[in-house]
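Have a look at the structure below, then the notes.
The chain is numbered in sequence order, starting from 1.
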Amino acid sequence: MFLGFQNVISGTFIGHNNKNKLIAEAKVHSDWESFCVRANPDGGYLLLVKQGRGFLPMRVDGDNQLVVSTNRDEGVAWEFIRVDDEDVI
């Protein structure tokens with residue numbers, strides 16, 4: 001199951017550029033904007049980004065930027081919370 005994340009205000013999607021940086025500039029949802037979520041054995045979830053025919057995990061680099069890891073064993077565990085419409089400012 002592929003997921004896409006869209007900013008409902010701008011209409012753009014989160015994807016990644018050719019430098020493995022995460023961007024929110026895509027006007028359409030295509031392969032570059034496809035994500036997959038996998039349970040992490042230590043808790044939370046790994047957010048995997050579509051890369052070619054496979055998936056790579058997202059991680060935080062030394063500059064605290066969200067990037068696509070080039071190492072399949074590297075990744076950051078994420079927690080997802082439900083946000084209801086009345087919770088959004």
Identify every side-chain donor-acceptor pair in residues 57-65 under 3.5 Å, counting partners at least two apart or on other chains, and give the distances.
residue	atom	partner	partner atom	Å
Arg59	NE	Glu74	OE1	2.9
Asp61	OD1	Asp63	N	2.9
Asp61	OD1	Asn64	N	3.2
Asp61	OD1	Gln65	N	2.8
Asp61	OD2	Lys21	NZ	3.1

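When side chains are defined from C-beta on, Val37 counts as touching Tyr45, because their heavy atoms get closer than 4.5 Å. Looking at heavy atoms from C-beta onward, His29 lies in side-chain contact with Ser34 at the 4.5 angstrom threshold.
For the pair Lys27 and Phe13, the tightest heavy-atom approach, listed with the atom from each and the gap, is O-CE1, 3.9 Å. Nearest heavy-atom pair across Leu66 and Trp78 is CD1-CZ2, 3.5 Å.
Placement of Leu3 and Leu56 within a single hydrophobic cluster is found when ILVMFWY residues are connected by side-chain heavy-atom separations under 4.5 Å, directly or transitively. Following chains of ILVMFWY side-chain contacts shorter than 4.5 Å, one cannot reach Val67 starting from Ile14, and the two form parts of different hydrophobic clusters.
The hydrophobic cluster around Phe2 extends to Leu46, Leu48, Phe55, counting ILVMFWY residues whose side-chain heavy atoms fall within less than 4.5 Å of a member.
A donor-acceptor contact shorter than 3.5 Å links the side chain of Gln6 to the backbone of Gly11.
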